[in-house]
Amino acid sequence: MEIKFDLYQGNGQTIAQRNQKLPDYEPFIDDDPTNYIADAPLQKAVNVAIALGMPLLVTGEPGTGKTQLAAAIAYELGLLPVLEFHTKTTSVATELFYTYDALSRFHDSQDKSKNINIEDYIEYQALGKAILSAIEQHKRSVVLIDEIDKAPRDFSNDILNEIEKMIFEVKETGNIFEADKRFRPIVVLTSNSEKNLPDAFLRRCMFYHIPFPSDKELKAIVEKRIRQKFPTDFVDGAVKHLFKIRKENL
């Protein structure tokens with residue numbers, strides 16, 4: 001599909017009058033993990049984290065590939081899909097393992113014709129699914145905990161304890177799930193550095209700050225991820241524009 005850059009001309013003339021048609025939207029940014037480019041230091045950080053069984057905490061400016069890193073790791077290790085948890089300011093550690101829909105259960109309990117099964121109101125989340133996968137399939141997973149700095153301060157320390165133990169309990173049912181530590185998930189945590197994380201937490205993670213790419217690196221990334229739909233001069237202009245905006249906001 002050819003990308004059109006002249007759909008809006010600002011002169012009050014409609015595209016129908018110009019014998020043009022508004023095309024269907026087609027995403028041009030390619031999130032295919034095969035297109036992820038990791039520099040040598042990042043590769044080493046990932047490999048050390050895997051070897052030591054430590055969570056990998058990555059920081060960096062928006063657009064440097066923090067979130068996409070998890071998918072790239074999972075793809076190369078044959079562990080897709082990534083189990084994702086997007087942190088909120090209200091997140092608590094148990095939500096990484098499961099959530100319990102108490103409100104739906106309450107509503108259903110008013111209907112005397114329904115047989116209530118608590119399990120039907122439990123939804124397992126990223127780390128819970130990883131531990132269940134380890135128990136049931138003897139398989140490791142890649143878990144992405146995105147924007148961990150949004151969560152309350154105790155959140156980060158709590159989850160590391162559970163990851164190390166490879167165990168969690170569903171309090172509503174009393175079920176305890178414990179997996180063989182050999183199948184510990186590969187955990188990637190991202191942070192936008194909006195607030196400081198606890199020192200105790202940082203000491204238990206492998207840390208890497210993804211630097212903003214150079215002009216040459218950025219051009220290579222842009223060229224690889226937009227499916228070659230744009231001409232070279234457009235790519236060059238886009239890269240220069242990105243750097244201009246970044247320098248103006250430093």
Side-chain angles (χ1 to χ4, degrees), residues 27 31-33 50 53-57 66-75 77-192 197 201 204-205:
D31 288 330
D32 188 333
I50 293 173
M54 299 174 67
L56 173 64
L57 172 64
K66 301 187 297 296
T67 301
Q68 290 79 13
L69 174 62
I73 295 171
Y75 173 78
L77 301 182
L79 298 177
L80 284 174
V82 175
L83 303 176
E84 299 184 15
F85 181 86
H86 299 281
T87 314
K88 301 176 182 177
T89 55
T90 57
S91 293
V92 294
T94 55
E95 292 175 344
L96 269 166
F97 299 91
Y98 75 95
T99 52
Y100 173 61
D101 191 348
L103 184 59
S104 292
R105 187 199 174 192
F106 173 76
H107 286 160
D108 291 346
S109 67
Q110 308 305 305
D111 185 347
K112 301 302 182 183
S113 65
K114 284 191 175 183
N115 293 320
I116 302 298
N117 182 355
I118 295 180
E119 285 285 353
D120 294 338
Y121 304 94
I122 291 171
E123 182 176 357
Y124 295 100
Q125 302 301 325
L127 279 176
K129 290 178 180 178
I131 291 177
L132 290 173
S133 178
I135 294 171
E136 298 168 0
Q137 304 177 36
H138 293 172
K139 179 183 176 182
R140 300 184 70 181
S141 307
V142 173
V143 173
L144 169 66
I145 303 175
D146 204 22
E147 299 185 336
I148 191 172
D149 51 324
K150 284 185 176 180
R153 190 169 179 82
D154 291 339
F155 177 88
S156 50
N157 287 331
D158 290 344
I159 64 171
L160 289 191
N161 291 332
E162 304 296 348
I163 293 171
E164 290 177 1
K165 295 174 182 176
M166 286 292 286
I167 185 173
F168 74 99
E169 178 183 3
V170 179
K171 294 181 180 179
E172 289 75 11
T173 63
N175 292 331
I176 297 175
F177 299 96
E178 183 173 6
D180 191 320
K181 294 180 181 179
R182 291 179 300 167
F183 305 111
R184 176 180 295 179
I186 298 166
V187 179
V188 178
L189 311 110
T190 73
S191 169
N192 290 323
L197 294 167
F201 169 77
R204 296 163 70 185
C205 293

| Flag, side chain of Ser109 to backbone of Phe106, donor-acceptor distance under 3.5 Å | yes
| query | With under 30° as parallel and over 60° as perpendicular, where do the rings of Phe183 and His138 fit, or are they tilted in between? | reply | parallel
| request: Using salt bridge (Lys or Arg N to Asp or Glu O under 4.0 Å) as the criterion, point out the one residue from Lys181, Arg184, Arg204 that pairs with Glu164. | output: Arg204
| request: Quick one: sort the Phe155 and Phe85 rings into parallel, tilted or perpendicular, breaks at 30° and 60°. | output: parallel
| task | Please check if the side chain of Thr190 supplies one atom and the backbone of Glu147 the other of a donor-acceptor pair under 3.5 Å. | result | yes
| said: Using modelled atom types and a 3.5 Å cut-off, is there a donor and acceptor pairing between side-chain atoms of Thr89 and backbone atoms of Ala151? | reply: no
| task | Any chance you could measure Lys150, atom NZ, to Asn192, atom CG, to the nearest 0.5 Å? | result | 7.5 Å
| field | Where Thr173 and Ile122 come nearest, the two heavy atoms and their spacing | value | CG2-CD1, 3.6 Å
| Side-chain H-bond candidate by donor/acceptor type, Tyr121 with Glu172, under 3.5 Å | no
| message | Measuring from atom CD1 of Ile159 to atom CD1 of Ile145, what distance do you get when rounded to the nearest 0.5 angstrom? | response | 4.0 Å
| To the nearest 0.5 Å, how far apart are CG in Leu127 and CZ in Phe168? | 9.0 Å
| Pro185 and Met166: which non-hydrogen atoms are nearest, and at how many Å? | CD-SD, 3.5 Å
| request: Please report the shortest heavy-atom distance between Ala71 and Leu80, naming the atom on each side. | output: O-CD2, 3.9 Å
| field | Neighbour count >12 (heavy atoms, 6.0 Å) for atom OH, Tyr75 | value | no
